[in-house]
Amino acid sequence: PEPTLVLITGPTAVGKSILGAEVARRLGTGVVSADARQFYRELKIGTAPPDPETLARAPHHFIGHLSIFDYYNVSLFERQALEVLEKLFETSGYGVAAGGSGLYLDTLCRGIGDLPDADPGIRAYVQDVFRSGGLEALRKWVKGIDPVYYDEVDLANPNRLMRGIEVFLSTGIPFSELRNNQPARRNFRIKRIVLNRERSDLFARINQRVDRMLEDGLVEEAVAFFPYRHLNALNTVGYKELFAWLANRSSLREAVEKIKTNSRRYAKRQLTWFKRYPEAGWFHPDDLEGIMSFIRNDRL
RNA sequence: GGGGGAGUUCCAGAGCGGUCAAAUGGGGCAGACUGUAAAUCUGUUGGCUAAGCCUUCGGAGGUUCGAAUCCUUCCUCCCCCA
């Protein structure tokens, strides 16, 4: 039979890790984490990685496999994760992917095309142009090298504009031509589970989790990484707000509140993303039995 | 007790006779998203039988064709002198 990839996703703090580990345990397989911040081994508190007990329930992959100094991207993740999944499929016929990074999960399901990795030098150069010339400069540039992309992009979004430019600069081919929108073929079935709970409950959990991180030493962790605050891995909720405080741009109190509201917003953005899968099964994290039967029901 | 200042839409805070359902920011809500993604970006935010109408700018009166904006009075806060 075709192997099955069980995707377990949902907003931050909903309870993905524990449920994902338990589901993997029951299926006799392992967990591929799809959390773009738990990749970094140095970030031990602010990214809320699974605790030892959870990790012990099933083999986990892609948690702390990177350093904050490493370059990484979704495509790298796609290749590596697919490899791990193949092995999991061989032993149990199932694989579990748990995490809240929508783009990473999507890439596992449908691929992301084949483009050269970003060249750090080129990226820095394009960023310089943005810094000095602003959005206008980027727009003009994109319009000149790739009018098709210009008509498609969100012209207010610097990152999107810069990506198009960066790709053109490193390949000489317009981004709009290189981007292929056909989903990749996959040799496994996908069961998508979205975890959710009442919003008031979710938000309360988020707030509590932030308080717990603070007790666990989030501030100390942020202080330690302050010198590296410009690294992409540290442009992360929980750290960037504390960096603002450390740079004297806010009070500690304000920073903590900011962490909470930014986490809530992140959760909302995730929910918006997850709403696009009509085939997904939405469950409360406590409904383990419902989830297991959804996974085992071949007609769904 | 005397003197001065303030009460604005969820919050902060502009407005100081019409162009005000009311700037701006925050928060909320909704959304976008194929290589930075816990990133980045957008929209919306009094109600309705919606190109129109209704109810809002501490309360009550008043002036005016017309008030959040002027007057009277009441209530509540803040500051200074005593």
Side-chain angles (χ1 to χ4, degrees), chain A residues 9-14 16 33-40 43 45-49 66 68 70-81 99-120 122-124 126-127 130 135 138-139 149 152-168 170-171 175-184 199-200 203 206 209-210 213 218 230-243 250 254 257-276:
Chain A
T9 187
T12 191
V14 77
K16 295 181 292 296
S33 170
D35 185 307
R37 291 300 129 141
Q38 290 179 4
F39 290 163
Y40 303 103
L43 309 182
I45 298 172
T47 60
L66 296 177
I68 54 173
D70 292 336
Y71 168 79
Y72 203 62
N73 65 45
V74 215
S75 185
L76 256 21
F77 174 75
E78 178 188 7
R79 273 170 259 164
Q80 298 166 359
S101 303
L103 180 64
Y104 284 69
L105 253 9
D106 277 2
T107 297
L108 234 37
C109 301
R110 64 214 290 268
I112 196 165
D114 194 24
L115 291 176
D117 290 344
D119 177 282
I122 291 179
R123 177 163 288 188
V126 178
Q127 271 166 348
F130 174 49
L135 264 182
L138 295 180
R139 285 178 186 156
Y149 185 57
E152 303 169 345
V153 255
D154 177 354
L155 293 171
N157 193 326
N159 282 10
R160 293 279 142 66
L161 258 7
M162 289 192 283
R163 164 105 264 253
I165 295 169
E166 154 187 308
V167 168
F168 177 79
S170 54
T171 64
F175 187 40
S176 60
E177 280 179 36
L178 284 171
R179 252 201 326 184
N180 86 301
N181 292 304
Q182 297 113 51
R199 193 168 288 197
S200 55
F203 283 7
I206 288 174
R209 190 173 71 177
V210 172
M213 286 176 178
L218 218 214
H230 301 299
L231 293 175
N232 176 248
L234 288 164
N235 182 188
T236 298
V237 174
Y239 298 96
K240 57 181 177 180
E241 297 83 357
L242 290 173
F243 292 155
S250 86
E254 287 165 338
E257 275 318 301
K258 252 316 188 201
I259 292 175
K260 291 179 181 175
T261 83
N262 284 339
S263 298
R264 284 185 241 121
R265 285 177 161 171
Y266 171 48
K268 166 59 180 82
R269 266 179 274 132
Q270 290 176 300
L271 253 6
T272 298
W273 183 293
F274 303 142
K275 281 179 194 163
R276 65 210 218 177

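Here the structure is a predicted model, which is why all the values come from computation and not from measurement. Here is how names work: the chains are called A, B, and so on, in the same order as the sequence lines, proteins then strands, and each is numbered from 1.
Look at CG on A:L103: it is 17 Å from P on B:rC41, rounded to the nearest Å. In this structure, A:L161 places its CG atom 16 Å from P of B:rC33, rounding to the nearest Å. Put simply, CG on A:L234 is 15 Å from C1' on B:rA37, counting in whole angstrom units. Note: CZ (A:R276) to P (B:rU34) measures 7 Å, nearest angstrom. Distance CZ (A:R123) to P (B:rA37): 9 Å, rounded to an integer number of Å. In this structure, OH of A:Y40 is placed 13 Å from P of B:rA39, rounded to the nearest angstrom. A straight line from NZ of A:K258 to P of B:rA38 spans 18 Å, rounded to a whole angstrom. Atom CG in A:L108 sits roughly 14 Å away from atom C1' in B:rU34 (whole-Å rounding).
Distances shown here put every side-chain N or O of A:R160 at or beyond 4.0 Å from the OP1 or OP2 atom of B:rA39. The side chain of A:R199 places an N or O atom within less than 4.0 Å of a non-bridging phosphate oxygen (OP1 or OP2) of B:rC29. The shortest distance between the side-chain N/O atoms of A:T261 and the OP1/OP2 oxygens of B:rG26 is not below 4.0 Å. Checking the phosphate oxygens (OP1, OP2) of B:rG31, a side-chain nitrogen or oxygen of A:K268 falls inside 4.0 Å. Taking 4.0 angstrom as the limit, A:R37 places a side-chain polar atom (N or O) nearer than this to OP1 or OP2 of B:rA37. Look at A:K240 and you'll find a side-chain N or O under 4.0 angstrom from OP1 or OP2 of B:rA39. Residue A:T272 places at least one side-chain N or O closer than 4.0 Å to OP1 or OP2 of B:rG31.
Within 4.0 Å (heavy atoms only), A:F130 reaches no atom of the nucleic acid at all. Residue A:N235 is in sugar-phosphate contact alone, with no base atom involved, counting any heavy-atom pair closer than 4.0 Å across all strands shown. Looking at heavy-atom distances under 4.0 Å, A:E254 makes no contact with the nucleic acid at all. Counting non-hydrogen atoms under 4.0 angstrom, A:G46 reaches a base of the nucleic acid. Counting non-hydrogen atoms under 4.0 angstrom, A:D114 reaches a base of the nucleic acid. In this structure, A:D35 reaches the bases: a heavy-atom distance under 4.0 Å links it to at least one base atom across the strands shown.
Shown here for A:P116 and A:T171, the closest heavy-atom pair between the two residues is CG-CG2, 3.3 Å. Counting all heavy atoms, side chain and backbone alike, A:L161 lies closest to A:L155 at CD2-O, 3.6 Å.
Across every strand in view, B:rU42 sits in a pair with B:rA30 that passes the Watson-Crick or G-U test at under 3.5 angstrom. Both distances falling under 3.5 Å, in either a Watson-Crick or a G-U wobble arrangement, place B:rU76 opposite B:rA6. Under the Watson-Crick or G-U wobble criterion, with both distances below 3.5 Å, B:rG1 is paired with B:rC81. With a 3.5 Å ceiling on both atom-pair distances, the Watson-Crick or G-U wobble partner of B:rA12 is B:rU24. The partner of B:rU55 is absent, by the rule that a Watson-Crick or G-U pair needs both atom distances under 3.5 Å. In a base pair of the Watson-Crick type (N1 to N3 plus N6-O4 or O6-N4) or a G-U wobble (N1-O2 and O6-N3), with each distance short of 3.5 Å, B:rA50 is matched with no nucleotide.
Checked against B:rU36, B:rA38, B:rU40, the side chain of A:T47 finds its nearest nucleotide in B:rA38. Considering only the side chain of A:R264, B:rG28 comes nearest among B:rG28, B:rA38, B:rC41. The A:T236 side chain lies nearest to B:rA38 when the options are B:rU34, B:rA38, B:rG31. Listed candidates were B:rU34, B:rC41, B:rC29. Nearest to the side chain of A:I112 is B:rU34. Nearest to the side-chain atoms of A:R163 among the listed nucleotides B:rU36, B:rU34, B:rA39 stands B:rU36. Nearest nucleotide to the side chain of A:R110, out of B:rC41, B:rU34, B:rA38: B:rU34.
For the P atoms, the distance from B:rG61 to B:rU56 is 12 Å, rounded to whole Å. The gap from the C1' atom of B:rU76 to that of B:rA38 amounts to 45 Å, rounded to the nearest Å. The separation of B:rU45 from B:rC78, taken at their C1' atoms, amounts to 31 Å, rounded to a whole angstrom. B:rC81 sits 28 Å from B:rU72 when the P atoms are compared, rounded to a whole Å. Between B:rG59 and B:rU69, the two P atoms lie 10 Å apart (nearest whole Å). Between the P atoms of B:rG47 and B:rC29, the separation comes to 16 Å (whole Å). When the C1' atom is used for both B:rA82 and B:rU8, the distance is 34 Å, rounded to whole Å. For the P atoms, the distance linking B:rA39 with B:rU49 amounts to 38 Å, nearest Å.
Among the candidates A:R264, A:Q270, A:R269, the single residue satisfying the side chain to side chain donor-acceptor pair (under 3.5 Å) test with A:Y266 is A:Q270.
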Handout entry: Residues A:L178, A:V167; criterion side-chain contact (heavy atoms from CB on, under 4.5 Å); working and verdict
Key = CA-CA 9 Å; A:L178 284 171; A:V167 168; 3.5 Å; yes

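Both A:P116 and A:G238 sit near RNA chain B, but only A:P116 has its closest nucleotide nearer the 5' end. Place A:R179 and A:A48 on RNA chain B by their nearest nucleotides, and A:R179 ends up nearer the 5' end.
Between A:E257 and A:E241 there is no side-chain heavy-atom pair separated by less than 4.5 Å. Contact of the A:R179 side chain with the A:R163 side chain is not registered, since no non-hydrogen atoms from C-beta on lie closer than 4.5 Å.
Between A:S75 and A:R79, the side chains place a donor N or O and an acceptor N or O closer than 3.5 Å (distance only, hydrogens not considered). Side chain to side chain, A:T12 and A:R209 meet the donor-acceptor criterion of an N or O pair below 3.5 Å.
Residues from residues 72-81 of chain A lying near RNA chain B, meaning a heavy-atom separation below 4.0 Å, are A:N73, A:V74, A:S75 in numerical order.
For A:N159 against B:rU40, a side-chain-to-base donor-acceptor contact under 3.5 Å is absent.
No donor-acceptor pair under 3.5 Å is formed between the side chain of A:T9 and the backbone N or O of A:G100.
Taking the ring centroids of A:F39 and A:F77, they lie under the 6.0 Å cut-off.
Considering CG of A:N157 and CG of A:L138, their distance stands at 10.5 Å, rounded to 0.5 Å.
Under the rule for a salt bridge (Lys or Arg N to Asp or Glu O under 4.0 Å), A:R110 has no partner lying at least two apart in sequence or in another chain.
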